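Just so it is clear, the model here is predicted, and its values are computed rather than measured. As a basis for the values below, the full set of heavy atoms in this structure was taken, side chains included, without hydrogen atoms, waters or symmetry mates.
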Amino acid sequence: MAIPKAPIKRIIQEAGAERVSAGAVDALTEYLEDYAEDVSKKAVTYAKYAKRKTVKEEDIALAIDRPKTESPHEKHDILDVIKDVFEAASEGKGIEDIIKSFKKMEK
């Protein structure tokens with residue numbers, strides 16, 4: 001899977017960054033790809049359990065442990081993730097530590 005890097009950089013900039021290093025974009029892209037893969041695998045499991053071949057929105061909602069919502073603003077929490085990254089960075093944590101902390105939260 002390959003998430004384009006330009007939208008990731010744009011998201012970080014929209015969160016308030018004046019400048020964004022290529023390493024920061026790569027790190028966040030890697031984290032988001034890993035997260036998306038984990039959620040997708042869980043959603044496929046839920047669809048199979050429901051005896052469906054089609055993964056539906058409700059499977060994704062279950063996989064991310066969130067109720068299904070109709071509001072497009074509540075479907076993604078990427079800005080919350082970015083906010084947490086910036087808060088951790090302002091506390092002096094390195095990008096590797098930030099990624100490790102997100103991976104621990106998922107488990």
Fill in: S40 to A36 - nearest heavy-atom pair and separation
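So the minimum-distance heavy-atom pair works out to OG-O, 2.7 Å.
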
Worksheet entry | For the student: nearest non-hydrogen atoms of A43 and A63, plus distance |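 Closest heavy-atom pair between A43 and A63: N-CB, 3.7 Å.
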
Worksheet item: Is a donor on one side and an acceptor on the other found under 3.5 Å between the side chain of D34 and the backbone of Y31?
Response: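 No; judged by distance alone, with no hydrogens or angles, the pair does not exist.
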
Worksheet entry | side-chain hydrogen bond (donor to acceptor under 3.5 Å, both in side chains) partners of K51, counting only residues at least two apart |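 Once residues adjacent in sequence are excluded, K51 has no partner under the side-chain hydrogen bond (donor to acceptor under 3.5 Å, both in side chains) criterion.
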
Item to complete: Please list, chain by chain and in numerical order, all residues satisfying side-chain contact (heavy atoms from CB on, under 4.5 Å) with A24, sequence neighbours excluded.
Response: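 For A24, the residues satisfying side-chain contact (heavy atoms from CB on, under 4.5 Å) (neighbours in sequence not counted) are V20, S21.
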
Item to complete: State which residues pass side-chain contact (heavy atoms from CB on, under 4.5 Å) with K5; sequence neighbours excluded, sorted by chain then number.
Response: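 K5 satisfies side-chain contact (heavy atoms from CB on, under 4.5 Å) with V25, D26, T29 once adjacent residues are dropped.
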
Item to complete: State, yes or no, whether a side-chain contact exists between Y35 and I64 at a heavy-atom distance under 4.5 Å.
Response: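 Heavy-atom side-chain distance check passes, below 4.5 Å.
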
Just verifying a value: how many Å separate [X] [atom1] and [Y] [atom2], rounded to the nearest 0.5 Å?
X: I3; Y: I8; atom1: CD1; atom2: CD1; result: 5.0 Å
X: K9; Y: L28; atom1: NZ; atom2: CG; result: 13.5 Å
X: E30; Y: E33; atom1: CD; atom2: CD; result: 8.0 Å
X: Q13; Y: E18; atom1: CD; atom2: CD; result: 10.5 Å

